[in-house]
Amino acid sequence: MSENTPQENPLAEIDQIIHAPARLRILLMLYVVESLDYVFLKNQTGLSWGNLATHLGKLENAGYVTIIKGYQGKKPQSQIQFTDSGREAFRSYKNTLQQILNDLPD
Amino acid sequence: MTEKMSLKDLERKMYRVSSQDGILDIQIGIMLLIFVFPIYLSDTLGDFWSSMVFLPLWVFVISGFRAYRKNVIQPRVGKIQYGTYRKKRLKRLNIIILFFNVIALVLGVLVFYKFKELSDWVISAWFSIIILLGFSLAGYMLDFPRLYLYGLLISAAPVIGEYLYQNLGYSHHGFPVTFGFSSAVLVITGLTILIRLLMKYPAQNREELV
């Protein structure tokens, strides 16, 4: 029994990289600004450093975000921002989810 | 209970977290002192130089707080670069501030050279209206609701000062008292917000940073 085609299972269309709650929270924040640093993301998402790094790693591997390493004085300060393809994937995720929810019977 | 939040609300919340640290309150509060201390020197130095001698202090205070924000607050709260919407809004605010400064300057010059016979009440009322409009617009553009309250408080200062001067014999149109009070309110509010922020966001352990 296969439930992987969009006709049989609409949720199969949903991008699972984005759909995880922690990553979704990160991407929502990135969507409304140009860039953020680790500290801001950690404070606002409530994730631990380890979790944050893991999720950002997954997003970076998927090509959805880019991490620009930098320094402020001698202190490291990396900035995280959406890539163009990440922004596009997020928009498509939003539309797909909206479509699925709209198609639900009352 | 779940809180409904649009992307616009989220952007506003993030902007407020990153920018409303009490520093602006303190800076405005300190700048208001220009109506408190320099006027005591105006008899000896004249109106212009009595204000000018305080200029280095203001520059020092403003740049000091800027450095404090960069080196102490930002490492705790985090750094954010705003999107196009916020950048445009802040740019528009700069134009509005410039416009208000020009209007205030023109009115000041007109009062000084052309309308010397105007009653002090009228001049105080003009002053109040400009302050109220300026703060309201800044509050709107900066998404900074406290600025509306500050606008009300500070715009009341010239009129109340004039009342104190004419009816109770306070010196210098009552400015040292009314603006001194407004300044104290702003500085105390700013310091309270700043201390609460520093407690909420303790210094980050750099070793934990990725």
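Proteins get letters first, then strands, A, B, ... in listed order; numbering begins at 1 in each.
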Does [atom1] in [X] sit with more than 12 non-hydrogen atoms of other residues, nucleotides or ligands closer than 6.0 Å?
| X | atom1 | value |
| --- | --- | --- |
| B:Tyr201 | OH | yes |
| B:Tyr163 | OH | no |
| B:Phe100 | CZ | yes |
| B:Arg66 | CZ | no |
| A:Asp103 | CG | yes |
| B:Phe144 | CZ | yes |

### Query
Hey, what do you get for CD1 (A:Ile80) to CD1 (B:Ile80), rounding to the nearest 0.5 Å?
11.5 Å
### Task
Measure distances from A:Gln79 to the heavy atoms of chain B and classify the residue's part below 4.5 Å as side chain, backbone, both or neither.
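The side chain, not the backbone.
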#### Entry: Nearest heavy-atom neighbours spanning A:Glu34 and B:Tyr82
CB-O, 3.5 Å
### Task
Can you see which heavy atom on A:Val33 is nearest to which on B:Gln81, and at what distance?
CB-O, 3.4 Å
### Query
What residue, out of B:Met14, B:Lys70, B:Lys200, B:Glu11, has the most heavy-atom pairs lying under 4.5 Å from chain A?
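Among B:Met14, B:Lys70, B:Lys200, B:Glu11, the one with the most close pairs to chain A is B:Met14.
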### Task
Verify, without hydrogens or angle tests, whether A:Asn43 (side chain) and B:Arg76 (backbone) share a donor-acceptor contact under 3.5 angstrom.
yes
### Query
Taking the side chain as C-beta and beyond, is there a heavy-atom pair between B:Tyr85 and A:Val32 under 4.5 Å?
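Not in contact.
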### Task
Please examine the side chains of B:Val77 and A:Val39, heavy atoms only from C-beta on, and report whether any two atoms are closer than 4.5 Å.
no
### Query
So which residues of residues 59-66 of chain A are in contact with chain B at a heavy-atom cut-off of under 4.5 Å?
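Residues in range: none.
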